[in-house]
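Report on one structure; see the data block that follows.
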Amino acid sequence: MKSSDDSLPGDMLYMLRIPSIDSENPVREGIDGAVLKDSLGHDTNSSYAGTNGKCVIAGHRNYTFGKFFNRLDEVQTGDMIYLDTCDGTYSYQVTDIEVVSPDEDEVLQNINDDEMLTLYTCTPIYIGSHRLVINAKRIS
C-alpha cells in the first residue's frame, strides 16, 4: 500500500474491513471502470483516511462488474468499519444509512471538518436505480 500523499490512479491505498458482513476488500485510487473492475475505489475528489473531511469509497454489487459491496445493504447503524493503511488502522462507526437517487451527489460532499467515511454503491442489487450510502464517523 502507498501513502495517500503520493498515490496515483490505480494504486492500492487501503484494505476495507466490515466485520458485520464478513467483508475485506482492497481499495485503489480512483473510481473509473478499470479500478472498479477488480477492487473498491477511492474517489479522488474526496479526503483521504486520517484527514478531516469525507473519504468516499465506491464499489459495485453485481456479477458483471464485481461484487465487492453485494452485502453492503446488511450493514446497520452502529456497525464498525476499518481501513487498514500503511500508517495504521482507522476505525469508523456507522452513523446513518440512506438510499438516494443517482443525481443526489451532495451526499458525497464534505459538510463539516469531521473525519468521515462514506461507502457508495448502486441499489437495489442487480438493478441499480438508486444509490446506497453508508456514512461512518471516525472513532479512533
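- Under the side-chain hydrogen bond (donor to acceptor under 3.5 Å, both in side chains) test applied with R17, the options N25, D22, D84 reduce to a single match, D84.
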Full working for side chain to side chain contact (heavy atoms under 4.5 Å, CB included) between D43 and I57: CA-CA 6 Å; D43 186 336; I57 296 175; over 6 Å; no

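- In this structure, E29 contributes its side chain and G10 its backbone to no donor-acceptor pair below 3.5 Å.
- With hydrogens and angles left out, the side-chain atoms of T85 and D87 include no donor and acceptor closer than 3.5 Å.
- Residues G128 and C122 come closest through the heavy atom pair CA-CB, 3.7 Å.
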Full working for side chain to side chain contact (heavy atoms under 4.5 Å, CB included) between H42 and C55: CA-CA 7 Å; H42 170 258; C55 176; 3.7 Å; yes

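- No hydrogens or angles considered: nothing links the side chains of T95 and N135 as a donor-acceptor pair under 3.5 Å.
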Intermediate values then yes/no, salt bridge (charged side-chain N to carboxylate O under 4.0 Å, His left out), D11 and R28: CA-CA 5 Å; D11 282 349; R28 294 173 42 212; over 6 Å; no

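- S39 OG to I31 CD1: the interatomic distance, rounded to the nearest 0.5 Å, is 11.5 Å.
- Checking side-chain atoms of Y90 against main-chain N and O of I81 turns up no donor-acceptor pair under 3.5 Å.
- Atom CD1 of residue I18 and atom CG of residue L16 lie 4.5 Å apart, to the nearest 0.5 angstrom.
- The salt bridge (charged side-chain N to carboxylate O under 4.0 Å, His left out) pairs that include a residue from residues 131-140 are D114-K137, E115-R138, where partners are two or more places apart or lie in different chains.
- Atoms CE and OG1, on M15 and T89 in that order, are 11.0 Å from each other to the nearest 0.5 Å.
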Worked verdict on F69 versus H60 for ring-ring contact (aromatic ring centres under 6.0 Å, His included): CA-CA 6 Å; F69 275 165; H60 288 300; 9.7 Å; no

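- Across all non-hydrogen atoms, the minimal contact from D38 to F68 is C-CZ, 3.3 Å.
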Derivation and outcome, side chain to side chain contact (heavy atoms under 4.5 Å, CB included), residues T118 and V107: CA-CA 9 Å; T118 295; V107 298; 5.9 Å; no

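- Looking only at side-chain heavy atoms (C-beta outward), I139 and M80 come within less than 4.5 Å of each other.
- The closest donor-acceptor contact from the side chain of S91 to the backbone of Y82 lies at 3.5 Å or more, if one exists at all.
- Looking at T44 and S46, their side chains never come closer than 4.5 Å, going by heavy atoms from C-beta outward.
- A donor-acceptor pair is defined here as one N or O able to donate and one able to accept, closer than 3.5 Å; no such pair exists between the side chain of T51 and the backbone of S47.
- Under the 4.5 Å side-chain heavy-atom criterion for grouping Ile, Leu, Val, Met, Phe, Trp and Tyr, V99 is connected to I97 within one hydrophobic cluster.
- Not counting sequence neighbours, the partners of E74 by the salt bridge (charged side-chain N to carboxylate O under 4.0 Å, His left out) test are R71.
- Contact of the V94 side chain with the V75 side chain is registered, since non-hydrogen atoms from C-beta on lie closer than 4.5 Å.
- Minimum heavy-atom separation, V56 to L108: CG2-O, 3.7 Å.
- Judged purely by distance below 3.5 Å, without hydrogens or angles, the side chains of D79 and T77 never pair a donor atom with an acceptor atom.
- Atom CG in D103 sits 9.0 Å away from atom NE2 in H130 (nearest 0.5 Å).
- In this structure, CG in L117 is found 9.0 Å from OH in Y14, a value given to the nearest 0.5 Å.
- Between L132 and Y120, the closest side-chain pair of non-hydrogen atoms is not below 4.5 Å.
- Expressed to the nearest 0.5 Å, how far CZ of R61 lies from CG of N70 amounts to 6.5 Å.
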